[in-house]
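Proteins get letters first, then strands, A, B, ... in listed order; numbering begins at 1 in each.
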Protein chains: 2
Amino acid sequence: MVSSSVSGTEPRRVTIHDVARSAGVSRQTVSRALNDKGEIDGTTKQRVLDAARALGYRPSRFARGLVRQDTTTIGLVIPDLLNPFFTEVAAAALEAARARGWHVVVYDTADRAEEELGTLQVIGSQVDAVVGYFSCPEDELELFTRGMPVVLIGREHHSARFSSIRIDGEEGVHAAVAHLVAAGHTRIGMLDHQARAEPSVRYEWFTAAAASYGIDPDLVVGADQSADGGGTALRTLLAAHPDVTAILTFNDIIAIGALREARRIGRSVPRDLAVIGFDGLQLGALVEPPLSSVALDTRRLGALAIDQVARLLTGVDPLTADDLVVRAELRLGESA
Amino acid sequence: MVSSSVSGTEPRRVTIHDVARSAGVSRQTVSRALNDKGEIDGTTKQRVLDAARALGYRPSRFARGLVRQDTTTIGLVIPDLLNPFFTEVAAAALEAARARGWHVVVYDTADRAEEELGTLQVIGSQVDAVVGYFSCPEDELELFTRGMPVVLIGREHHSARFSSIRIDGEEGVHAAVAHLVAAGHTRIGMLDHQARAEPSVRYEWFTAAAASYGIDPDLVVGADQSADGGGTALRTLLAAHPDVTAILTFNDIIAIGALREARRIGRSVPRDLAVIGFDGLQLGALVEPPLSSVALDTRRLGALAIDQVARLLTGVDPLTADDLVVRAELRLGESA
DNA sequence: TTGAAAGCGATACCAA
DNA sequence: TTGGTATCGCTTTCAA
């Protein structure tokens, strides 16, 4: 039924003009009929609608957007949609955006910095604002997002050019360590993020908390951001420090991998090894035993980012760094 | 640094015209400078670029799209981004679209049919094609997507108006049942999808396979599409049929819930209860024991959908129903 | 109730 | 190397 180009002829776009001609009216009348404006005769309207349908007419979003400057589209850039943490944030952002009638274009950078730039290049001319995770240098970010509101998530340092939502896990991690200490643990290890050269902020929170309890903070090993990475890291850690009885991890995925590995090597959790993750993924409730975690409110994270975009876009009353914070708190499962 | 409206004045858009005036050149020269065309003096170009920067100029995507009819945006509609199955499909679709330089606007309908229509209404004027899961009646779907390519996923019946990717799990389910039978199981239950009135196609595959082995196919109970739903359903099933020693489930999420419930009630998996899911989620590898599943190639699913969109969009050589199939195959973990 | 004309903000094709 | 003009497809005045 849909007519397609038969003999190599380009299927030239059906415009409002074609509909007008076919219905024997002017373009503006077509516009009225299509947009449900009043001031139009019922019969005429029907005739126009029929003609439009017959021709398979679809208004150009560009032409329409050009005239009624209203549609807002934001670009959401995340490193990996398959990582449940980002998925949760994305879902929250999508929901908050939908509530405002905005569209969200999602870009998955596959965790590669070079993809980020490519994405930004493309995005730059396609969205009204950008929200996301970026690992590329700020000056490049700045270069590619000129004049556009940008809200960074979970990126600690930033220039005045950007808004950024800070993840504050200091208290949560402290509570986690306190919980472990109270349970009698004295040798607490950490499976940190290994990708970056310097230790993560989460590790710094851990060392600070450990210090306040007189715990040795040096039982740390880097882990790849995956379940397998967590398993491998746990093995490495225990090989070096067999006396470790509890671990904190950079995130829940790593923790889940550690859980699995512990089971393999016959360490019962939490009896022989207590495990506390970070992020508070819904996924944590599905594993055995249910994961304890320093949990983040991902819904709030996504909603906050979108809220700030809204403020930036209208220019009214943007939130300051003090408000752009999501605090993590210890949520106990059964793994610690 | 970003100038915003100070005294209630609308922050009128900076156009190419403003830049031209500020740089003392014509609009076309500005366009040349911005788009890296040749035929422009280096000095002039720099002057224009500086002016643009100073003014915070950003080209209108609508105006640009209007004249260079090239950008393609597709709408991806999924019921729930938090459901790992849809996430996997979405990730695959995103990747395939990116490879083509397309943009993907993602809409989460929160599993509600009425949201689907609202989404379609909005989407209709914002994208060039639609890919996704829909549960609303076909005629409504048709109404809201007039003249636009639509690729449905995993929806069995469909009018000629749409393309649809069929999920064929017949052989996979048969293999699953064969595997269970070979292991000595004779009482095999199924935790089906409960939302719909009629039993699912997956259940039909199960009954067909069961029949060929002389297995009673009536040990079925509906489950909510969640881990908790799986647990509840398993409880119900075992209460009615305590002699069941193996189950198939509508999907992996339900299976994972069943796994957890089995553990709670002291049934060891797979010794006391064999479990086989459906979907083959990556998540299945994280639970204990690793889930056996009738696995779908979600990457292919997403890629295939995007491929068909491409064909539909250009009008060349669209795939037929026979090609639009993704077959599921049994992938054994340790749960059966 | 309808239509003519004037934009919306950019790019393309000429001519200068 | 530049600038004028037409054009993309649609909506919005303003007249008729």
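- For the OP1/OP2 pair of C:dG3 and a distance below 4.0 Å, the side-chain nitrogens and oxygens of A:Ser26 include at least one atom meeting the criterion.
- Contact check, B:Lys37 against C:dA12: a side-chain N or O comes under 4.0 Å of OP1 or OP2.
- Scanning both residues, A:Thr119 and A:Val77, for their nearest heavy atoms gives CG2-CG2, 4.2 Å.
- Taking atom CG of residue A:Asn35 and atom C1' of nucleotide D:dG9, one finds them 13 Å apart after rounding to whole Å.
- Residue A:Asp70 contributes atom CG, which lies 11 Å from atom C1' of D:dT11 at whole-angstrom precision.
- Comparing B:Arg47 and B:Val67, the nucleotide of DNA chain D nearest to each residue sits closer to the 5' end for B:Arg47.
- Residue A:Arg64 has a polar side-chain atom (N or O) positioned under 4.0 Å from OP1 or OP2 of D:dT11.
- The side chain to side chain donor-acceptor pair (under 3.5 Å) test with B:Asp50 singles out one residue from B:Gln46, B:Arg53, B:Arg47, and that residue is B:Gln46.
- The side chain of A:Ser60 contributes no N or O atom lying less than 4.0 Å from OP1 or OP2 of D:dC10.
- The distance from atom CZ of A:Arg32 to atom P of C:dG3 is 8 Å, rounded to the nearest whole Å.
- Following rounding to the nearest Å, B:Phe62 (CZ) and D:dT7 (C1') show an atom-to-atom distance of 19 Å.
- Annotation for B:Thr145 and B:Arg161: closest pair O-NH2, 2.6 Å, computed over non-hydrogen atoms.
- Protein atom CG of B:Leu66 is 13 Å distant from nucleotide atom C1' of D:dT11, rounded to whole Å.
- Residue-to-nucleotide contacts include no donor-acceptor pair under 3.5 Å from the side chain of A:Arg58 to the base of D:dG9.
- Evaluation of atom-type donor-acceptor distances gives a pair under 3.5 Å for the side chain of A:Gln28 against the base of C:dA5.
- Each end of the helix from C:dT1-D:dA16 to C:dA16-D:dT1 gets its own axis, taken as the rotation carrying the C1' atoms of four end pairs onto the next four within a five-pair window, and the two axes meet at 40° to the nearest 10 degrees.
- Between A:Ile40 atom CD1 and D:dT11 atom P there is a gap of 12 Å when expressed in whole angstrom units.
- Panel note: side chain A:Arg311, backbone A:Asp317; a donor-acceptor pair is recorded below 3.5 Å.
- Heavy-atom minimum distance, B:Thr109 versus B:Pro79: OG1-CA, 3.3 Å.
- For A:Arg68 and D:dT11, the CZ to P distance is 6 Å, given to the nearest whole Å.
- Within the 4.0 Å cut-off from OP1 or OP2 of D:dC10, not a single side-chain nitrogen or oxygen of A:Ser31 is found.
- The CZ atom of A:Arg27 sits 12 Å away from the P atom of D:dT7 (whole-angstrom rounding).
- Among the heavy atoms of the strands lying under 4.0 Å from A:Val25 are primed sugar atoms or P, OP1, OP2 only; no base atom is included.
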